[in-house]
Structure formats: structure tokens, C-alpha cells
Amino acid sequence: MAKKVIAPKKRELGKSYDPSLFENEVYQFWESSGCFEASDTNKKGQQSFCIMIPPPNVTGALHMGHALTNTIQDILIRWRRMKGDNALWMPGTDHAGIATQMVVERELAKKGVEEKGQPITRYDLGRKAFLEKVWEWKRDHGNKITHQLKKMGSSFDWSRERFTMDEGFTQAVREAFVRLYEEGLIYRGEKIINWDVKAQTALSDLEVVPTERKSTIWDIQYAVVDDEGNEVDFLTVATTRPETLLGDTAVAVDPEDERYQAFIGKKVKLPLLGKLIPVVADDYVERDFGTGVVKITPAHDFNDFEVGLRHQLPIVSVMGKDGKITAAGGPYVGLDFKVARERILQDLKESGALLRSKEHKNMVGISQRSDTVVEPMISKQWFVKIDSLAKPAIEAVETGKIEFRPKTWEKTYFEWMYNIRDWCISRQLWWGHQIPAWYCGRCQEMTVARKDPEECPVCKAPTSEMKQDEDVLDTWFSSGLWPMGTLGWPEKTQALKTFYPTAILETGFDIIFFWVARMIMMGLHFTGEVPFKKVYLHAMVRDEHGKKMSKSKGNVIDPLTVVSEYGADALRFTLAIMAGQGRDVKLSLDRVAGYRAFCNKVWNATKYFHLKWKELGFDQEPKGGLDSWVHSNRTNFSVTNRWILSRLQDTIEKVNRGLSDFELNLSSQSLYDFVWGEFCDWYLEFSKISFQKEEQEAKETLWVLRYVLEQVLILLHPIVPHVTEELWQSLPWIKCAENTKGQEVMTLMLQQFPEHQGTWKDAEAEKTMSSLKSAVEAIRAFRGENRISPKKEFQVNFIPSNSATQDFIKLYEKDILTLCRVSSLNQLEEGVEATSEEAVIPLSQPAIEFRIPLKGLVDLDEESKRLKKEIEKVTGDLKHVQKKLSKESFIAKAPAELVAREKEKEKAFMSQLKELEGALGRLSQ
RNA sequence: UGGCUCGUAGCUCAGCGGGAGAGCACCACCUUGACAUGGUGGGGGUCGCUGGUUCAAUCCCAGUCGAGCCAACCA
């Protein structure tokens, strides 16, 4: 009984290339055929190959950055799958704490205004009800981006799709947190952190974007007092934040600064508050900046905090989380920061302590999320002790267990890792993984546990007495577990065994610290193994002039619009060929249109095959199958057939190399050049001539054409999957392949990707073809430059320089006649002088001279112009070669082979020049 | 202040030791039986600048100018 074959519905090939007519259908076929699915176990001798999607935010909509990263990953996955690997591309999304919470809060507020005339806040709903709303939102809108990814042709294993807050992942997060806590690597502490006043949460260093702002720097006088409290002198401090003065607990000077030596250890009186604070000496102070005296506010500045620690200074918090001055601020209590600043400046001015102000540019921390100024503050938060995690993560890259491409990013990685600071992981949000710590209301003890406790493990108080910590974890804490968590960790699953460590991580360089470094640290810590062996970092997509795409600039190009206008394949090809290493990808729609034209070219080449196949009526493939026929007979093929197979091998080599070295531009460019420049421009043209010859040659050519065409479709498939699948399905003699469930599927997706065969390289055929092309191009150039209509046929005579070239012309007479639209090729006797009625076209490779009767064909002035131009060019070439050869040092030191080659060139140029000059002389007689 | 990347045709970029290429744009001719999303031919470049190494430099080295990223403790 024949096995059931999964195959798409047969469709007629459309008249012209229109991706909108088949891309969706092709994708649906793939998805339903089970070809995207990987197997938890490798077949015998099979390797696994896994790439994890960098999980996009559930709130996200597909942008060009996604399109780029997913195109690259899909190309790699499809390639390895076709190479026979058990290839898993894991899809999923990230819960994206702040981003998602803010989206839902905005929606709530809007709804409130519409229905009741005032916004609803999350506090109105309460935590539980609010979270339900977020989950609801996720259910309704969270699939948007995954649907969009399908439009790009992404071959994700959708059966494994994950979410960073699904049940299994939540378990993984808890396990990781509790283990780190038990190992003493997570602690709760009161430290200075970045506080987002608007979002009302702590942020990690990375979420704060330093932004240059115009501001003012003020000089403020602090009185120096003696032991009795008398004002004996003054110190002038410079500050951009006068309102923090309320929390000053010292002023600092450079220990080496002779101006202030006498003041070190003395006390100064804090203006407005009158508090006495010490003058300390610290290296942190730059004597040449400002006045060389710095006010120290440990509670509201990271550097001051450090200085405070070094000098055991008290920490006075004067600003609250609500953005208002605290009781410690004395008379200013309750004022908003900005208001307080104005009041304080006013008061300082009145007291005469404010000496001067000037304009100043400085860097201010802005929240990545809420776009507001971030305030450093003292707060009780959860931290990950990072040093012991960082060490092995650094080593993994140093020893090459993980390699970055482009390699230069390793430097960036090291720089950050060497200076890494403890990671603040608690966020005062509701949406996220709530910290698994409980506080007992009876005994006040804290319990950190994998499962919600049923009673207090210390005093046995019932669960009702246990209150869970209200904070949630930084989103990046969970995404740091992505490669392990999605494969089932902490369970020892078969998937984890098969696919971990994963092969490649492909992402943008902007999240090296946020994500890549954290995955490496977490992965190594929890599994003892690296999470991935290679990190590929792609460039940023910008507009065609290199500007960042942004809504406000109005230069955003929406991938889905591009897909509907040009097709997913054209966009994918564009992104692949532009994904050079390291820098920007400047996307222009002209470029996309160009690659749509390329797809069209492939489309039409296939149509050409069908036309000829039908016309010639060779219904059967060779006995034993086409592939093995080509393999065993190729050395006897015609020159053009051997040539195209030789060039195909060269292309296969480059495509594979590009894909293994993360140089997709090389793979794409070599395919473009081969398919358009060699296969279509030359091979198909030659085939038209072969098809007119006797059956044997016609058949051979049709088969080779069919063979090369399929190889082209296979090679192109990872980059432009839709059009190649659609075309491949139309070919005769295609074969099924097995998916991971053992089902037979008729699909290009699972056809074997070729390895390059060095022995197929045919130098002789390549040389012959290059001669033939030169001859054809010379005659075409003559036509073009003399503005002879393409329709006009004319006669060409030739003088071969030896018997080999004579045979050459005889052999390819028909090809030259056809490709140049020449009426006849006639051999002239050697040594026959050219007349003034003939154009002379001397060639060196092949060594031949064409003579073209000019009568009635060409304006003599035009021909004279052509000759002069040609003479100028050859003269230049000759001069250059002669200059080189005239140097003794060149003859002596350059490789002999090169010297010989240059001498050959000289000879050829001289003889060409002689002929051309002769012709010009006759013409002007 | 450090680190990195990039300056090649009008535009976007390949090439990276033996006299520069592509796509788009431009000009001319052409609706020929795969393709006008096409064909053929053509114009256009002191390969940022200055030195050095070399028989030979767009390519390697040093410096310099310009553009852009990233990390930073200059209040």
C-alpha cells in the first residue's frame, strides 16, 4: 500500500510573478505539513540545531528590526534543516513588564474617561482584578506579532510556542530565584537605585538612558566655621542640582588640591538649614572642574553615595518616591522637586549664598520606559550579587566556548562585564513574576520558597498571616532564562538534552548587556553549560539615508506594507543581502523593488523551462533519475552544460561559506550574480541554440537545465522560501521527503541542500566560455557604439591567429551568429590587409581579429570615434604594463608567473594597437 | 575621556596587496517566442587627506580630518 503523501494543491504557474497570489497559501501548506516541527530526539547520526527567537514583547508590532532578525534566523534554520539537521526554531513572546502594564493602564484610563468622565487607575481595580485585565489583554492582542511573523515566512516550530509568564516558565523563574537566594546570590538591601517617579518603580542601570540636557550650573557659598561655630571663611561649591543641597552630608575636595588643604577636616555650615557638615578629601573630585569643591549628597547621587561610604557619611534622603521633599527637607517639606529648586534658589539668593550661575550641558538619566528624569534614591530592593556569576561568563567568551560575530563585540561585552555592578531586580509593578518571598505577620520572618507556603515555616502561623512581597522581577530576569526555560528547565527534559546548548543566538547589539550577558550568566550558573555557542549580532535597520526610523520623523517603513506591495521574499532578499557585518542596514524601497525583479527573473526562467519542456516533449527523466544521470555523465556534456555545472559548484561553495560564516550578503550576492548574470543571461540564451540542434544535445541540455534550475531553487530557498517552493512544485520529477513525524511530504523545504563538489570545477569549459563571451561582447559592443539597430543583421569576417581559434569559431559559429544577430561569419586568409571599408576588432582572448564590412552599415565618423576611443584605452593599458616591466626590481622580485603574464599582456596590447592604428589610418585616408 | 565602526561612481554598498565592481539613478537603441519586474551598449571614480612599509597600496602600518555608535564619576 502506497504511503500517503502530503502535498499542496496543484496550481497553474501564474503568467507573471505575483507573490500575493501564493505566499499565504504556501505558508499554510508548510504549517499544516508538519515540516516546521523539530523532534525531541535526533535520528541516528543527526545533529540538532536550535535557535531561540529573541522573544518580542507581547505588546509589540512587527517592525523592520524584527523583520531583519527573523529573516536571518529563518535563513539559518531553513538551511540547516535542508542539510539534514534536527532544526528547532523556538518561537515565543515576552511579558515585558512595564511596557505591557502601561499599555493596559492607558487603555483603562481611556475607558474610564469615555464611560465615567474620569480615568480608571490600576489602584481602582486592585491588584488581582488589574492582573486579570492584563491577561485578558494578552489573550486578545498578544498573538499579533506572531501572526505577523508568519507573513515573513518564518518556519518556527509553533507547536512549542512559549510565553515568559506561562506556567512552566513561572516554575523556572521561581526555581532560579530561590536557588540564587539559597546560594546567597540574591539579597535584599537598602541601596541607591534609579527611581522612575512617573512609573513609580525602581529601574536597573541599563534602563536609564543618559541624555544630554541644557541646564544651569550654580555656584553656592558654604561658610566654613571654627570649633566655636564662628564663620571664618567660605568655600564655593558648583552644582547643577541645588535642591539636593538639603541632603548634603559633606563637601569634598581633591586631596592634592593645595588651595583647599587647610579646609580638610574642618566643618562647613549648610546654607538654609544651618547644619554643620565636614569637608572631606576624595579622589573623585576633579580639581579643574567647577570650583574644585563638590557637595556630597549620598542619598541622591550614585557617586556621592560611594564617597559617602568611603567617609562613613550619614545618608539623608530628602526626596520621596512621590517626587516631593521629605520631612528631612525642613521648611521645604511637601514641595515638588522642581518647585523646591526654584524656592531654594530664591532663598539662597536672598541670603547672599548664591554667587553666580551659568549655562551648562550635562547628562541626565532618562527612563527608557516613561521618558521622565530618573531620580537616584535610597530604597530597599532585591539585588543579584553579580561578581561570581560574571566570572565564568567572562571566561566562556575568553576561552572561545562562546564566540561573537562580528568578533569586535566581544570587546564591548568584556568591558561591561569587567565593570559590572549588582543588578537591581525588583520592580514596583504588578505585571510580572511576583517575588517568591513571604513575610509572616506573626513572627516577622521572611520565607523564600518555590511553592506558595501553606503556613509560616518558622512560627507555623497560617497562610492568612503570610503576605507575599509585592514587587515583581525585572523582565530581563526571566528572559535571562529563555534558552533553558523554553526547553523545560528545571525539569531534565529530552528537549533540553537534545537542543541545549543551542547553536546560535541571533540578536541586536543593543541588548548585549540586557539579555545576552544575562543569559550567559544564568545559563552557566544553572546548567554548567553555555546557553549558545555563537552570538550573531546584526546591524540596526535605518532608513535609506541612515536615519533612525521613528514615528516622529515619519520615515518608518512597515514590513507588512512592504510584504503586501513587494512580497515577503523580496523583503527577505533585501535584508539578507544588506545584512553585512556590524553596521547599519539602510533600507530603501528601490532596493526591494530590485529584488522583487530578481524573483520575477527566477519565475520567468522556470516558465522558460516549462515552455521548452512542453515543446520538446521529453516526458521522462533519465533512467535511474536525473541526479545520478548528471553525476555519472557530466564529463561528457557539451561545453555550455559543463560550464554551467562548474559555475553552479562555485556558487554552492560561496552560498555555504556565507551561511556558515554569518556573511549572508556573500550567499545572497553570489546567488544573484549566478542566477541572473550567468544562468539567465548566458546559459538560457545558449540553450535556445542547443534546443535547435539534434535530439541528443537538446535532451542533454533540457535535463541539465532542469537539474540546475532545481539546484538554484534549493539554494535560494532559505532566502526566498515562498517563490522557490511555488516554482519547485511545478517542476517535473520532484521527490518527496520525510518530515520529523515520518510522513512523506512533497516540499522543497526538506530537499537536500547541496555540498560543493570540487571535482565538478571545469577549468577548460570556463575558459572556452569566457572566450566565447568575449567574442560575442566585442561584436555587440561594435553594434552598440556604432548605434546599429539591434534588428539589423550584418556580416562579420574573421582571421584566426592559429588553428585552435579557427576550430573555436567553427564550433561556436551558430552561437555567435545567434547571440550577435550576425548574418554570416566568414574566414579570411591570414595576412590579408584590411581595407578602409572594414572595421577592425582585434581580440587577445580568444586570439582573433574580427573584420566587419562597413558599407551601408556605419557612419564612418562613428567608426572613427570608436577606433580612437579603443586606441586610447589600449594605449593606456600598454603604457601601464610597460612601465611595470621597465622596472628591474619588478622583474627581479615579483613572482615569475606574474612577470610572464605581464609580458603576454604587453605583446597582446601591442598587436591590438597596431591593428587599430592601421584601421584608423585607412579610414582617414 | 576612553572603546568601536565607517569615509570607494549622483545614491546605497561589495571588494581589501598586482591597475577598481554591483544595484538603483542617468544616456542611446530595442516590445526578438522566459522575463519591459526585460534586453544590448554606454557615460560616470586622483577608492577622505598626509606620510611609511613593499618591486607593487583602494587594500597593510602610523598620523590626520570628517560621520556615527557605545561606555563612562566631571558635580
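Chain naming here is simple, since letters A, B, ... match the order of the sequence lines and numbering starts at 1 in each. Only a predicted model underlies this, so the values are computations on that prediction, with no experimental measurement involved. Only heavy atoms go into these numbers, but all of them, side chains included; no hydrogens, no water, no symmetry mates.
- Between A:D288 atom CG and B:rU1 atom C1' the separation is 14 Å, expressed in whole Å.
- Distance, A:Y595 OH to B:rG38 C1': 17 Å, rounded to whole Å.
- When distances are taken from the side chain of A:T408 to each of B:rC4, B:rU37, B:rA34, the shortest belongs to B:rC4.
- As judged by a 4.0 angstrom heavy-atom cut-off over every strand, A:C680 is placed among the base-contacting residues.
- Here A:W676 reaches the OP1 or OP2 of B:rG39: one of its side-chain N or O atoms lies under 4.0 Å away.
- The residue among A:S889 and A:G594 whose nearest nucleotide of RNA chain B lies closer to the 5′ end is A:G594.
- Of the C1' atoms belonging to B:rA14 and B:rU32, the separation is 34 Å, rounded to the nearest Å.
- Comparing B:rC24 with B:rA20, their P atoms are spaced 23 Å from each other, to the whole Å.
- With respect to the salt-bridge test (charged N to carboxylate O, under 4.0 angstrom), the residues A:K905 and A:E902 qualify.
- Between B:rG3 and B:rG43, the distance separating the two C1' atoms is 44 Å to the nearest Å.
- Electrostatic pairing of A:E685 and A:K688 counts as a salt bridge here, judged by a charged N lying under 4.0 Å from a carboxylate O.
- Note on ring orientation: taking the six-membered ring where Trp is involved, the planes of A:H360 and A:F289 are perpendicular (angle over 60°, cut-offs 30° and 60°).
- At the heavy-atom level, A:E685 lies under 4.0 Å from base atoms of the strands shown.
- Whole-Å rounding puts the A:F890 CZ to B:rG17 C1' distance at 13 Å.
- Place A:C599 and A:V776 on RNA chain B by their nearest nucleotides, and A:C599 ends up nearer the 5' end.
- Salt bridge present: A:E710 and A:R706 bring a charged side-chain N and a carboxylate O closer than 4.0 Å.
- Distance, A:Y608 OH to B:rA34 C1': 8 Å, rounded to whole Å.
- Comparing B:rG41, B:rC4, B:rG18 by their closest approach to the side chain of A:A894 singles out B:rG18.
- Side-chain nitrogen and oxygen atoms of A:H360 include at least one within less than 4.0 Å of the OP1 or OP2 phosphate oxygen of B:rA75.
- At the heavy-atom level, A:R780 lies under 4.0 Å from the strands shown only through sugar-phosphate atoms.
- Counting non-hydrogen atoms under 4.0 angstrom, A:K792 reaches nothing in the nucleic acid.
- Note on A:R241 versus A:E375: salt bridge recorded, some NZ/NE/NH1/NH2 to OD/OE distance being below 4.0 Å.
- Taking the ring centroids of A:F404 and A:Y536, they lie at or beyond the 6.0 Å cut-off.
- Ranking B:rG23, B:rA75, B:rC35 by closeness to the A:Y672 side chain, first place goes to B:rG23.
- Phosphate contact (OP1/OP2 of B:rA56, side-chain N/O of A:K883, threshold under 4.0 Å): absent.
- Distances were taken from every side-chain heavy atom of A:Q669 (C-beta onward) to each of B:rC73, B:rA34, B:rA22; the shortest belongs to B:rA22.
- For the pair A:W603 CH2 and B:rU37 C1', the interatomic distance rounds to 13 Å; values are reported in whole Å.
- Atom pair A:F598:CZ and B:rG38:C1' shows a separation of 15 Å (rounding to whole Å applied).
- Residue A:K688 places at least one side-chain N or O closer than 4.0 Å to OP1 or OP2 of B:rA34.
- Residue A:F691 is out of contact with every strand shown, counting any heavy-atom pair closer than 4.0 Å.
- Under a 4.0 Å N-O distance rule, the pair A:E615/A:K612 qualifies as a salt bridge.
- Taking the side chain of A:R596 as heavy atoms from C-beta on, and the options B:rG18, B:rC73, B:rU37, the nearest nucleotide is B:rU37.
- Across the P atoms, B:rG2 and B:rC73 are found 16 Å apart, a figure rounded to whole Å.
- Aromatic rings of A:W603 and A:F22 (six-membered ring for Trp) have centroids within the 6.0 Å cut-off, being under it.
- With hydrogens and angles left out, the side-chain atoms of A:Y222 and A:D248 include a donor and acceptor closer than 3.5 Å.
- Between B:rU40 and B:rG45, the two P atoms lie 24 Å apart (nearest whole Å).
- Residue side chain A:K601 reaches the base of B:rC35 through a donor-acceptor N/O pair under 3.5 Å, judged by distance alone.
- Under 4.0 angstrom from either OP1 or OP2 of B:rC11 there lies no side-chain N or O belonging to A:K586.
- At the heavy-atom level, A:D304 lies nowhere under 4.0 Å from the strands shown.
- Contacts of A:L611 with the nucleic acid, taken as non-hydrogen atoms under 4.0 Å apart, involve only primed sugar atoms and P, OP1 or OP2.
- Taking a cutoff of 4.0 Å between a charged side-chain nitrogen and a carboxylate oxygen, A:K903 and A:E906 do not qualify as a salt bridge.
- Taking only side-chain atoms of A:E415, from C-beta outward, the nucleotide of B:rG42, B:rG2, B:rA75 with the closest atom is B:rG2.
- Checked against B:rU37, B:rC35, B:rA22, the side chain of A:A597 finds its nearest nucleotide in B:rU37.
- Contact annotation for A:S588: no contact, since no heavy-atom pair falls under 4.0 Å across all strands.
- Across all strands shown, A:E785 has heavy atoms under 4.0 Å from sugar-phosphate atoms exclusively, and none from any base.
- Checking B:rA34, B:rC29, B:rG18 against the side-chain heavy atoms of A:P790 singles out B:rC29 as nearest.
- Under the Watson-Crick or G-U wobble criterion, with both distances below 3.5 Å, B:rG18 is paired with B:rC55.
- No engagement by A:H300 is indicated, since no non-hydrogen atom pair under 4.0 Å with the nucleic acid exists.
- Among the nucleotides B:rG42, B:rG18, B:rU5, the one closest to the side chain of A:E902 is B:rG18.
- As judged by a 4.0 angstrom heavy-atom cut-off over every strand, A:I891 is placed among residues making no nucleic acid contact.
- Nucleotide B:rG15 holds its P atom 12 Å from the CD1 atom of A:I577, rounded to whole Å.
- Base pairing of B:rG66 is made with B:rC6, judged by Watson-Crick or G-U wobble geometry with both donor-acceptor distances under 3.5 Å.
- Within the structure, every side-chain polar atom (N or O) of A:K295 is placed at least 4.0 Å from both OP1 and OP2 of B:rA75.
- Counting non-hydrogen atoms under 4.0 angstrom, A:P895 reaches a base of the nucleic acid.
- When Watson-Crick and G-U wobble pairs are counted only if both distances are under 3.5 Å, B:rC11 pairs with B:rG23.
- Residue contacts shown for A:D510 are absent, as no nucleic acid heavy atom lies under 4.0 Å away.
- When both distances must be under 3.5 Å, the Watson-Crick or G-U wobble mate of B:rU32 does not exist.
- Annotation: B:rC61 and B:rA67 have their C1' atoms spaced 23 Å apart (nearest Å).
- Pair check for B:rG43 finds none; no Watson-Crick or G-U wobble contact set falls under 3.5 Å.
- Between A:R287 atom CZ and B:rC73 atom C1' the separation is 18 Å, expressed in whole Å.
- Heavy atoms of A:V881 sit nowhere under 4.0 angstrom from any nucleic acid atom.
- A distance of about 16 Å separates the C1' atoms of B:rU50 and B:rG7, rounded to the whole Å.
- In terms of phosphate contacts, A:K893 brings a side-chain nitrogen or oxygen within less than 4.0 Å of OP1 or OP2 of B:rC55.
- A gap of 24 Å separates the C1' atoms of B:rC29 and B:rG10, to the nearest Å.
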